[in-house]
Amino acid sequence: MLMPLTAAITRSVRAALAPFRRLRAVEGAPMERPYPWEKSYPAGIEWPAAFEARPLTRLLDDAVAAYPDNFCLSFRGRRTRYRDVARMVDRAAKGFQALGVGKGIKVGLMLPNTPYAVICFYAVLKAGGTVVNINPLYAEREIERQIADSGLCILVTLNMKRLYRKVAPRVQGDERLERIVVCSMSDVLRFPEKVLFDLLKRREVAAIPKDDRHLPFDKLIDNDGELDAAAIDHETDVAVLQYTGGTTGFPKAVRLTHANLYANAKQLEMWAPNIRPGEEKILGVLPLFHAFGMTAVMNLGLGIGAELILLPHFKSTEVLATIDQEKPTIFIGVPTMFSALNAARDIADYDLSSLGFCISGGAPLAIDIHRRFEERTGCILVEGYGLSETGPVCTVNPIDVGRRPGSAGLPLPATVIEITALDNPECVLGLGDRGEVCVSGPQVMAGYANRAKENIDVFRGGRLHTGDIGYLDDDGYLYVVDRIKDLILSGGFNVYPRMVEEVIHLHPAVEEVAVCGVPDRHRGEIVKAFVKLGDGEELTAGDLRVFLKDKLAPFQMPRKIEFRDSLPKTLIGKISKKDLIAEDAAGQLHPEPEPASTAGT
């Protein structure tokens with residue numbers, strides 16, 4: 001009974017002191033310089049930074065001017081130099097202009113990580129249009145809704161059945177979709193692979209109608225590349241409509257301007273002063289159609305003249321082999337990727353020494369995953385934080401000195417992080433107080449498309465309200481505790497899923513875990529843990545609870561534990577709690593098996 005009593009007393013004391021703590025902040029008043037994180041900034045990096053508004057395409061143009069003969073793209077062993085990528089971009093841009101692409105015209109890109117994704121992205125922007133990133137893994141109904149919501153009239157995709165069949169009905173029955181540009185998969189492969197692909201994969205290739213609504217990519221670029229320069233207002237013209245993950249409903253279209261995305265790429269470049277322009281190689285397995293991959297892999301990579309090593313899918317063995325053979329120096333990923341690499345039993349057989357540093361984002365990085373990755377690989381891993389609405393990166397841990405595992409790091413140059421009270425969004429809290437994380441900076445979006453009410457709510461007080469719970473410590477490091485909507489209210493207690501997940505991750509048999517709140521008549525919600533064990537590991541729910549007993553308060557202890565062979569993932573590899581909760585609500589999950597084991601799998 002001691003633990004619940006202690007917790008209850010603590011909650012009462014905190015509630016009593018809350019009004020006095022908040023006297024440190026004037027309601028609605030922004031933080032003032034010097035900001036607490038400025039004293040923690042790495043040597044050689046200054047927080048004040050003015051980012052000149054430029055078209056995002058300048059990143060590629062400047063790299064081509066500086067490094068024309070350097071390799072820009074590597075895809076399945078086929079490497080393409082910057083000057084050749086630039087020619088294809090210009091020719092594709094002229095082709096898009098011939099289709100009517102210009103200011104305000106939206107072009108959907110439904111492409112996996114291939115050279116087409118980079119070329120068409122920058123070609124649409126050079127033509128003056130707006131890119132609409134579409135996840136090729138989406139179901140047909142989701143793609144249909146995004147086509148309608150975005151107002152796009154041209155779509156670019158591959159000639160593979162698994163992709164084309166999702167959009168073919170739109171060509172026949174939707175007058176809004178005027179054209180589909182179809183890219184040939186075999187055309188971006190090396191000759192030996194092209195021969196094998198045409199021989200062995202021909203059944204996976206779609207039969208594309210030969211009509212005026214379908215345009216092969218090779219016809220799109222059949223021109224001299226002398227395009228009419230588009231007049232771009234860097235501050236106001238939307239470069240990308242980036243759809244959110246849709247964790248709380250239908251995804252919203254984030255309006256990211258040229259200035260937003262150019263600034264975020266430059267902020268990341270400034271954060272790594274030891275980067276060697278023209279010499280780096282970035283492993284690009286994060287989807288480029290996702291905000292994190294778009295900025296931290298593609299835009300940053302091109303901005304520093306790096307070679308982008310593109311992989312369409314994450315497979316541990318393929319990633320390890322690629323690092324061993326192609327020697328990337330930078331790897332950007334999400335926590336589940338680093339967890340999967342930790343679980344690779346033969347990781348010691350691969351040479352990973354080329355990696356200078358890795359950045360994890362997209363979801364909280366468990367301290368144990370962080371520690372094990374650095375121990376097993378000898379590579380620096382730092383955690384960052386962001387969201388689609390901020391281009392997406394807001395904070396990153398220092399890459400050299402000053403890294404703090406468990407923290408999301410320090411605000412990037414020219415970025416301000418403030419914490420506001422959950423019960424009063426206008427009240428800025430002091431250091432150490434938990435509330436909603438708010439962001440201001442040059443990378444913050446221009447707003448949601450077609451969502452006037454949501455725009456008012458998300459920009460309350462002139463700050464972007466993220467929907468995340470967190471706090472700043474005395475040195476200005478951000479700690480993200482959880483999503484506001486993920487907070488579990490169980491029997492009057494607040495349970496933060498991330499804290500429970502961190503503790504469960506300490507058990508050596510656990511590879512992945514997700515903690516969610518599920519409905520309960522008595523307590524409102526109870527804590528449920530979904531656990532995936534490592535290969536060959538054995539663990540029962542009872543054994544896990546014994547392990548957790550001295551590490552969690554009783555109200556934090558999972559009432560239900562579900563062992564699963566795998567956990568559902570989002571498009572970039574984040575564990576999808578939305579899917580787990582939906583399955584649980586539908587009664588699709590089985591009671592926890594006893595005992596659990598992955599032995600022999």
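When reading the values below, keep in mind they use all heavy atoms of this one structure, side chains included, and skip hydrogens, waters and symmetry mates.
To the nearest 0.5 Å, atoms CZ (F289) and CG (L111) are separated by 9.5 Å. Here the straight-line distance linking atom CD of E280 with atom CD1 of I330 works out to 4.5 Å at 0.5 Å rounding. Distance check: K569 NZ to T336 OG1 gives 6.0 Å after rounding to the nearest 0.5 Å. Interatomic distance, CZ of R255 versus CG of N260, reported as 9.5 Å (0.5 Å rounding). Note that CZ of R403 and CG of L410 are 13.0 Å apart. Values are rounded to the nearest 0.5 Å. Distance check, rounded to the nearest 0.5 Å: CG of D61 to OH of Y82 gives 12.0 Å.
Remark: the backbone N or O of E326 is paired with a side-chain donor or acceptor of K281 at under 3.5 angstrom. Side chain of S74 to main chain of R79: no donor-acceptor pair is present (N/O by atom type, distance under 3.5 Å, no hydrogens or angles). Looking only at distances, a side-chain donor or acceptor of T130 sits under 3.5 Å from a matching main-chain atom of V238. Side-chain N or O atoms of D211 include one that pairs as donor or acceptor with a backbone N or O of H214 at under 3.5 Å. Not a single donor-acceptor pair under 3.5 Å links the side chain of N159 to the backbone N or O of A206. K574 places a side-chain N or O within 3.5 Å of a backbone atom of G362 that can act as its donor or acceptor partner. Side-chain atoms of Y243 come within 3.5 Å of backbone N or O of S150 as a donor-acceptor pair. No donor-acceptor pair under 3.5 Å is formed between the side chain of N70 and the backbone N or O of E307. Not a single donor-acceptor pair under 3.5 Å links the side chain of R145 to the backbone N or O of E142. A donor-acceptor contact shorter than 3.5 Å links the side chain of T395 to the backbone of A408.
Heavy-atom neighbours of K39 NZ from other residues, nucleotides or ligands within 6.0 Å: above the threshold of 12. Heavy-atom neighbours of R141 CZ from other residues, nucleotides or ligands within 6.0 Å: at or below the threshold of 12.
For the pair T390 and N264, the minimum side-chain heavy-atom distance is 4.5 Å or more. Between Y477 and L472 there is no side-chain heavy-atom pair separated by less than 4.5 Å. At a threshold of 4.5 Å between non-hydrogen side-chain atoms, the residues N397 and R404 count as touching. Side-chain contact between K166 and T157: absent, with no pair of heavy atoms (C-beta onward) separated by less than 4.5 Å. With a 4.5 Å cut-off on side-chain heavy atoms, P411 and L478 do not count as touching. Residues F121 and L60 have side chains not in contact (no heavy-atom distance under 4.5 Å, counting atoms from C-beta outward). Looking only at side-chain heavy atoms (C-beta outward), P42 and V401 stay at 4.5 Å or farther from each other. Two residues are said to be in side-chain contact when any heavy atoms from C-beta on lie closer than 4.5 Å; F292 and V297 fail this criterion.
Exactly one of V156, L155, L241 qualifies for a side chain to side chain contact (heavy atoms under 4.5 Å, CB included) with I134. That residue is L155. For the pairing with Q443, the side-chain hydrogen bond (donor to acceptor under 3.5 Å, both in side chains) check across T257, T295, T415 returns one residue only, T415.
Partners of F217 according to the ring-ring contact (aromatic ring centres under 6.0 Å, His included) rule, which considers only residues two or more places apart in sequence or in another chain, are Y116. Applying the salt bridge (Lys or Arg N to Asp or Glu O under 4.0 Å) rule to K103 yields the partners D237; only residues at least two apart in sequence or on another chain are considered. Annotation: side chain to side chain donor-acceptor pair (under 3.5 Å) contacts of H465 (sequence neighbours excluded): E436.
Ion pair E269/K266 flagged as a salt bridge, since at least one NZ, NE, NH1 or NH2 atom sits closer than 4.0 Å to an Asp/Glu carboxylate oxygen.
Between the side chains of Q146 and D149, no donor-acceptor pair of N or O atoms lies under 3.5 Å.
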Next on the checklist: For E389 and Y448: C-alpha separation, side-chain torsions, deciding distance, then whether side chain to side chain donor-acceptor pair (under 3.5 Å) applies.
Outcome noted: CA-CA 9 Å; E389 290 86 341; Y448 298 119; 2.6 Å; yes
Next on the checklist: Test salt bridge (Lys or Arg N to Asp or Glu O under 4.0 Å) on E418 and R463; report intermediate values, then the result.
Outcome noted: CA-CA 8 Å; E418 296 174 299; R463 313 171 184 91; 2.7 Å; yes
Item to check | Evaluation steps, side chain to side chain donor-acceptor pair (under 3.5 Å), between Y122 and N299 | outcome: CA-CA 10 Å; Y122 277 86; N299 293 341; 2.7 Å; yes
Item to check | Working for salt bridge (Lys or Arg N to Asp or Glu O under 4.0 Å), residues R58 and D62 | outcome: CA-CA 6 Å; R58 279 292 298 270; D62 291 348; 3.2 Å; yes
Next on the checklist: Does D222 form a salt bridge (Lys or Arg N to Asp or Glu O under 4.0 Å) with K219? I'd like the steps, not just the answer.
Outcome noted: CA-CA 5 Å; D222 187 13; K219 297 296 183 183; 5.1 Å; no
Item to check | Worked verdict on R190 versus R76 for side-chain contact (heavy atoms from CB on, under 4.5 Å) | outcome: CA-CA 8 Å; R190 293 181 302 167; R76 298 197 180 282; 5.8 Å; no
Checklist entry - Given the rule in the side-chain contact (heavy atoms from CB on, under 4.5 Å) test, do R483 and D468 qualify, once you have shown the distances and angles that lead to the verdict? => result CA-CA 4 Å; R483 291 286 298 168; D468 291 319; 2.6 Å; yes
Checklist entry - So L310 and L288, side-chain contact (heavy atoms from CB on, under 4.5 Å) or not? Walk me through it. => result CA-CA 9 Å; L310 301 178; L288 301 184; 4.1 Å; yes
Checklist entry - Would V240 and V254 satisfy side-chain contact (heavy atoms from CB on, under 4.5 Å), going step by step from the backbone distance to the final call? => result CA-CA 8 Å; V240 175; V254 174; over 6 Å; no
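Scanning all heavy atoms of the two residues, the minimum distance from S576 to T570 falls at CB-CG2, 3.9 Å. When all heavy atoms of A117 and P112 are compared, the closest pair comes out as CB-O, 3.7 Å. Between E140 and P169, the shortest heavy-atom distance links the atoms OE2-CG, 3.5 Å. When all heavy atoms are compared, the tightest approach of P48 to E38 is CD-OE1, 4.4 Å. G361 and P335 make their closest contact through O-CD, 3.4 Å (heavy atoms, listed as atom of the first residue, atom of the second, distance). Of all heavy-atom pairs spanning G356 and I380, the tightest one is O-CB, 4.2 Å.
Between Y41 and Y35, a ring centre-to-centre spacing not shorter than 6.0 Å is recorded.
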